[in-house]
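Following: one structure in structure tokens, then a few remarks.
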Amino acid sequence: MINAIVLIQAEAGAIPEIAQEIAEIDGVTEVYSCAGDVDLIALVKVPSHEDLADLVPSRIGKVDGVLNTDTHIAFRSYSKRDTEAAFSIGLDD
């Protein structure tokens with residue numbers, strides 16, 4: 001699976017509606033509204049690079065009110081939960 005983070009600039013007056021529409025797109029797992037340089041962050045999980053190449057410009061980019069996207073492909077995932085699980089193998093609680 002390909003995991004990607006899509007940074008989205010959107011029209012300010014319609015951010016909740018834009019976020020909801022993006023959240024309903026197949027392959028989008030979560031959408032966050034945020035402060036800073038971008039308005040929305042979408043987490044995407046798709047089977048292939050080709051699917052990602054189609055999803056971002058053809059689906060997310062075509063949502064009314066989306067002004068710009070910036071896509072970052074994830075190579076690895078790190079989390080506290082994963083680290084704790086790796087070190088707890090074979091240990092009794």
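Position 1 is the first residue of the sequence; numbering continues from there.
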Ignoring hydrogens and angles, write down the donor-acceptor pairs under 3.5 Å from the side chains of residues 22-34, residues two or more places apart or on other chains.
{"unit_1": "Glu24", "atom_1": "OE2", "unit_2": "Gln20", "atom_2": "NE2", "d": "3.2"}
{"unit_1": "Thr29", "atom_1": "OG1", "unit_2": "Leu43", "atom_2": "O", "d": "3.1"}
{"unit_1": "Glu30", "atom_1": "OE1", "unit_2": "Tyr32", "atom_2": "OH", "d": "2.2"}

Please identify each residue that fulfils side chain to side chain donor-acceptor pair (under 3.5 Å) with Asn3, with sequence neighbours left out.
none
Measure from the side-chain N and O atoms of Asp39 to the backbone N and O of Ala10, and report whether any donor-acceptor pair falls under 3.5 Å.
yes
The test is side-chain contact (heavy atoms from CB on, under 4.5 Å); show your working for Ile2 and Asp51 and say whether it passes.
CA-CA 9 Å; Ile2 306 298; Asp51 293 321; over 6 Å; no
Could you tabulate the donor-acceptor pairs under 3.5 Å formed by side-chain atoms of residues 54-68, not counting sequence neighbours?
{"unit_1": "Asp54", "atom_1": "OD1", "unit_2": "Ser58", "atom_2": "OG", "d": "3.3"}
{"unit_1": "Ser58", "atom_1": "OG", "unit_2": "Asp54", "atom_2": "O", "d": "3.3"}

Measure the spacing between CG of Leu40 and CD1 of Ile18 and express it to the nearest 0.5 Å.
7.0 Å
So, do Ile41 and Ile8 sit near enough that their side-chain heavy atoms are less than 4.5 Å apart?
no
Find out whether Thr69 and Leu7 are in side-chain contact, i.e. whether some heavy atom of one side chain is under 4.5 Å from a heavy atom of the other.
no
For residues Val46 and Ile73: do they belong to one hydrophobic cluster (side chain heavy atoms under 4.5 Å, members Ile, Leu, Val, Met, Phe, Trp, Tyr)?
yes
